[in-house]
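Only one structure is covered here, and it is reproduced in the block below.
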Amino acid sequence: MFSASILLQILACAIYNNWWPMLSALMYVLVPMPCLFFGGGSTQFLTSRDGGGWMDAAKFLTGASAVGSVAIPIILRHAGLIGTGAMFIEFTSFFIFVCTVLCFHRASLDDEW
């Protein structure tokens, strides 16, 4: 599923001969970074209510990165840098990416060692 998401990212750029949509792919790299740095590499802290300063910062940064993933194509479309079709391909790519992350999160919750 992740490969399909990246393929749609590349297609959104290649079909319209405009590489501005690849800017939102940068956010796909930034979204898991708070989990890696502050959450110990696990996604389980995202659904817990308890935490502290660093865990709350990781939740905030993850949310801000996720909002940025949706906002970048909208901003680029509003500025006239990309077309409407590329924006919708970006949204489809983001939807597939989110489904991939949710499947990974669900699988990691079920995997009790």
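Residue numbers count from 1 along this sequence.
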With hydrophobic residues grouped by side-chain heavy-atom distances under 4.5 Å, do Leu8 and Trp19 end up in a single group?
no
For residues 63-73, run the donor-acceptor check on the side chains, cut-off 3.5 Å, and write out each pair with its distance to 0.1 Å, sequence neighbours left out.
from  : atom 1 : to    : atom 2 : distance (Å)
Ser65 : OG     : Leu61 : O      : 2.9
Ser69 : OG     : Ser65 : O      : 3.1

Shared ILVMFWY cluster between Phe60 and Val29, side chains joined below 4.5 angstrom?
yes
When you group the ILVMFWY residues by side-chain heavy-atom contacts below 4.5 Å and let the links chain together, are Leu11 and Phe2 in the same group?
no
Kindly list each side-chain donor-acceptor pair under 3.5 angstrom involving residues 81-100, sequence neighbours excluded, with atom names and distances?
from   : atom 1 : to    : atom 2 : distance (Å)
Thr84  : OG1    : Arg77 : NE     : 2.9
Thr84  : OG1    : Arg77 : NH2    : 3.3
Glu90  : OE1    : Gln9  : NE2    : 3.4
Glu90  : OE1    : Ser24 : OG     : 2.4
Thr92  : OG1    : Phe88 : O      : 2.9
Ser93  : OG     : Ser5  : O      : 2.8
Ser93  : OG     : Ser5  : OG     : 3.1
Ser93  : OG     : Gln9  : OE1    : 3.4
Ser93  : OG     : Tyr28 : OH     : 3.3
Thr100 : OG1    : Ile96 : O      : 2.8

Can you name the closest pair of heavy atoms from Pro21 and Cys13 and give their distance?
CB-SG, 3.8 Å
Can Leu23 be reached from Ile15 by stepping across I, L, V, M, F, W or Y side chains whose heavy atoms are under 4.5 Å apart?
no
Hydrophobic cluster identity match, Leu30 and Leu76, side-chain contacts under 4.5 Å
yes
